[in-house]
Amino acid sequence: MPPGPGAGWRVRHGASNVPQGNSHPRPEQTDVMTTATLFNHSYDPTTGRNPNAGPPPVRRIVIVGGGTAGWMTALILARSFIERGVEITLLESPAVGIIGVGEGSTPWLRGFFDSLGVEESEWMPACHATYKCGITFDGWSTKPGFERYFHPFASMLDNLTLKQFVHNVDARVNGADVHAHPDRFFISARLAERRRAPKAPESFPFDIWHGYHFDAVLLGQFLHKKALERGVRYQSCHVTQANLAADGSIASVSTGEGETIAADLFVDCSGFAGLLIEKALHTPYVSFSNNLFNDAAVALPTPIDGAIPSETVSTALRHGWAWKIPLTSRYGNGYVYSSSFCTRDEAETELRRHLGLLESDVEARHLKMRIGRVTRHWNRNCLAVGLAQGFIEPLEATALLFIQQTAATFVEFLEKGDLSEAAHQRFNERVNAHFEGTRDYIVTHYKTNNREDTEYWRANAANLNLSDELKQLYAQWMSGKGIAAPVGQQQLGKGYPVFSWYAIMAGMGIFPARGQLHRPNEREGIYKMAEIDDLIERSSANYPDHRAALGHIAPRRTGPSLQVYFF
Ligand SMILES: Cc1cc2nc3c(=O)[nH]c(=O)nc-3n(C[C@H](O)[C@H](O)[C@H](O)COP(=O)(O)OP(=O)(O)OC[C@H]3O[C@@H](n4cnc5c(N)ncnc54)[C@H](O)[C@@H]3O)c2cc1C
């Protein structure tokens with residue numbers, strides 16, 4: 001990253017970790033109108049369906065794999081194609097289990113269920129699910145005042161405070177001593193702190209775009225049941241090989257049970273095995289290991305009682321980070337770490353110590369992770385979805401979103417009936433851009449850390465393997481001109497909205513050191529924190545206790561006031 005002009009902020013290891021740049025560039029006016037981020041969550045069973053679509057270009061679809069990816073894809077395809085006569089069959093090995101982790105979501109999962117017409121009151125209790133207002137990052141920075149911050153999900157009410165947040169952050173980057181930690185500006189942060197649910201009563205019509213926590217195994221069973229109800233066929237069998245046609249596409253798969261199953265389209269949801277997309281079609285794979293070091297995890301449940309949090313907590317440990325996910329029946333905990341920096345036993349001991357389970361005989365589950373993506377998610381007549389297409393480590397719980405978006409985008413292409421090579425290319429570019437944008441955001445968590453305790457954290461901060469776009473984004477931040485406009489227009493920081501980029505950079509304390517700050521001038525200090533605190537406190541009082549809300553899950557709300565958010 002090119003260093004900014006003027007005296008630099010403190011730089012570690014002689015490397016260009018983020019805190020570089022000038023200490024007092026001239027403040028710029030932030031045009032908040034250019035930060036618009038639109039969320040339209042008013043999905044319903046007709047959303048995105050094309051009533052005038054021509055005949056489907058495929059008649060038989062075979063999905064290999066019955067994990068979350070397989071069943072979500074089956075339901076998304078079934079919604080558009082079963083009624084039009086397409087046969088969808090899911091094959092699942094009786095010998096290979098599902099990964100069985102993956103218990104947090106982004107708010108997009110809500111759109112998935114809404115588009116299927118499945119109510120929260122039906123699926124949430126069945127999956128021991130809870131509401132999620134966002135993620136607390138604890139211990140990622142050691143800068144005083146920035147040891148902990150919350151990455152919120154959006155709310156309509158944030159329209160009232162986002163402008164103030166962006167203003168204060170930009171002023172602080174420019175050296176003004178104003179409050180610029182994200183937590184006091186977002187209602188989701190307050191709700192999480194108070195263990196409230198992001199579900200207001202009808203009389204308070206401000207919706208919050210919340211995510212969920214859920215039991216991964218129960219979610220798989222629920223989706224399985226729903227898919228069968230909607231006409232998806234299921235076969236328990238172990239796929240042993242894919243048989244290629246003369247043109248190199250997949251003609252059929254053979255099973256250990258002695259069957260040969262043909263289809264026009266195959267969906268590879270076989271998990272990290274990548275049976276069809278990699279093993280059969282040899283699609284090249286791009287590893288992300290040069291800037292996402294974590295490649296293993298260890299998981300352990302703990303009991304839950306009393307109040308139920310409405311957030312995920314991600315705590316930085318010595319060689320990675322630990323998740324804590326509240327379900328109605330237990331906490332899911334795990335440690336995501338890099339096996340280049342610590343052994344599996346060291347990781348388990350550290351997690352047990354973190355959870356106070358050193359003496360406990362609760363069994364831990366160890367997992368390997370492969371971080372990266374295939375170059376072509378749609379290759380010939382094979383679509384890869386889920387871990388088979390790639391995986392970015394679970395820090396922002398984005399994997400289910402990749403599944404949903406890959407499958408839904410594919411339906412758009414199928415609806416148009418265009419299976420040409422050009423269509424393949426457009427599709428793959430879209431999915432790859434999504435992966436790369438998400439990767440940049442996740443990398444930022446590591447790159448901006450200033451922990452000194454282990455080689456793992458020092459190596460992350462010193463790592464120079466950054467995309468050009470990320471370097472530009474950091475340079476823009478350090479220039480003091482603000483990143484709201486280029487991120488709002490999605491020229492930089494693609495895939496994440498303005499509030500997320502400001503939350504991470506400000507939350508990690510990427511500001512001039514305390515001693516370099518000046519007293520804010522009138523314009524820099526225009527916003528009064530007491531007024532913002534009051535507004536957030538009064539708004540949050542409308543939201544119920546989380547545990548109580550889970551006991552009375554209300555039907556989905558509809559209405560024009562809830563459909564669109566502008567920031
Ligand atoms: C540590 C960790 C934490 C995670 N946390 C999150 C999170 O918080 N949020 C999130 O969104 N995601 C998370 N994920 C990712 C999430 O778990 C997966 O994206 C999701 O579960 C989908 O997995 P999958 O269906 O692709 O693969 P799997 O669950 O591995 O399913 C693979 C399927 O393929 C079948 N199969 C394999 N071989 C054969 C064969 N030869 N014949 C027939 N069938 C076969 C298996 O039987 C199985 O049904 C996490 C992942 C890890 C590793």
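The shown structure was predicted, so the numbers you read here are calculated from the model rather than taken from an experiment. Throughout, residue positions are numbered sequentially from 1 according to the sequence presented. Counting starts at 1 for both ligands and their atoms, in listed order.
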Visitor: Just which atoms of ligand 1 are under 4.0 Å from any heavy atom in Gly65?
Guide: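 Those qualifying, in numeric order: 33 (C), 34 (O), 35 (C), 49 (O).
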Visitor: Under 3.5 Å between any N/O of Gly100 and any N/O of ligand 1: does that happen in this structure?
Guide: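 In this structure, Gly100 places no N or O atom under 3.5 Å from an N or O of ligand 1.
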Visitor: Ligand 1 versus Thr255, non-hydrogen atoms closer than 4.0 Å: side chain, backbone, both, neither?
Guide: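 Looking at Thr255 and ligand 1, no heavy atom falls under 4.0 Å.
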Visitor: Atoms of ligand 1 less than 4.0 Å from Ser93 heavy atoms?
Guide: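 Once the distances to Ser93 are compared, the set is 39 (C), 40 (C), 42 (N), 43 (C), 44 (N), 45 (C), 47 (O).
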Visitor: Which of the atoms of ligand 1 are close to His238, meaning less than 4.0 Å from one of its heavy atoms?
Guide: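 Heavy-atom distances to His238 below 4.0 Å select 40 (C), 41 (N), 42 (N).
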Visitor: For ligand 1, which atoms have a heavy atom of Gly66 less than 4.0 angstrom away?
Guide: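 The list of qualifying atoms is 33 (C), 48 (C), 49 (O).
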Visitor: Specify side chain, backbone, both or neither for Phe272, according to which of its non-hydrogen atoms lie closer than 4.0 Å to ligand 1.
Guide: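 Answer for Phe272: neither.
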Visitor: Please list, in number order, the atoms of ligand 1 under 4.0 Å from a heavy atom of Gly104.
Guide: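 Close to Gly104: 7 (C), 8 (O), 9 (N), 10 (C), 11 (O).
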Visitor: Heavy atom under 4.0 Å from ligand 1: found in Cys269's side chain, backbone, both, or neither?
Guide: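 Answer for Cys269: backbone.
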Visitor: Using a strict cut-off of 4.0 Å, indicate which atoms of ligand 1 neighbour a heavy atom of Ser270.
Guide: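 Ligand 1 atoms under the 4.0 Å threshold to Ser270: 32 (C), 34 (O), 37 (C).
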Visitor: Against heavy atoms of Glu103, which atoms of ligand 1 measure under 4.0 Å?
Guide: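 In order of number, 7 (C), 8 (O).
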Visitor: At a 4.0 Å threshold, what atoms of ligand 1 neighbour a non-hydrogen atom of Trp323?
Guide: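 Answer, ordered by atom number: 1 (C).
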Visitor: Taking all non-hydrogen atoms of both residues into account, name the closest pair between Ala503 and His151 and its distance.
Guide: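 Result for this residue pair: CB-CD2, 4.5 Å.
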Visitor: Checking contacts here: is it the side chain or the backbone of Ala299 that comes within 4.0 Å of ligand 1, counting heavy atoms only? Could be both or neither.
Guide: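 No part of Ala299 comes within reach of ligand 1.
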Visitor: Using 4.0 Å as the upper bound for N to carboxylate O, is an ion pair formed by Glu278 and Arg370?
Guide: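 Counted as a salt bridge, because a side-chain N and a carboxylate O are separated by less than 4.0 Å.
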Visitor: For ligand 1, indicate whether the residue Ala297 contacts it via side chain, backbone, both or neither (heavy-atom separation under 4.0 Å).
Guide: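 Ala297 to ligand 1: side-chain contact only, backbone stays beyond 4.0 Å.
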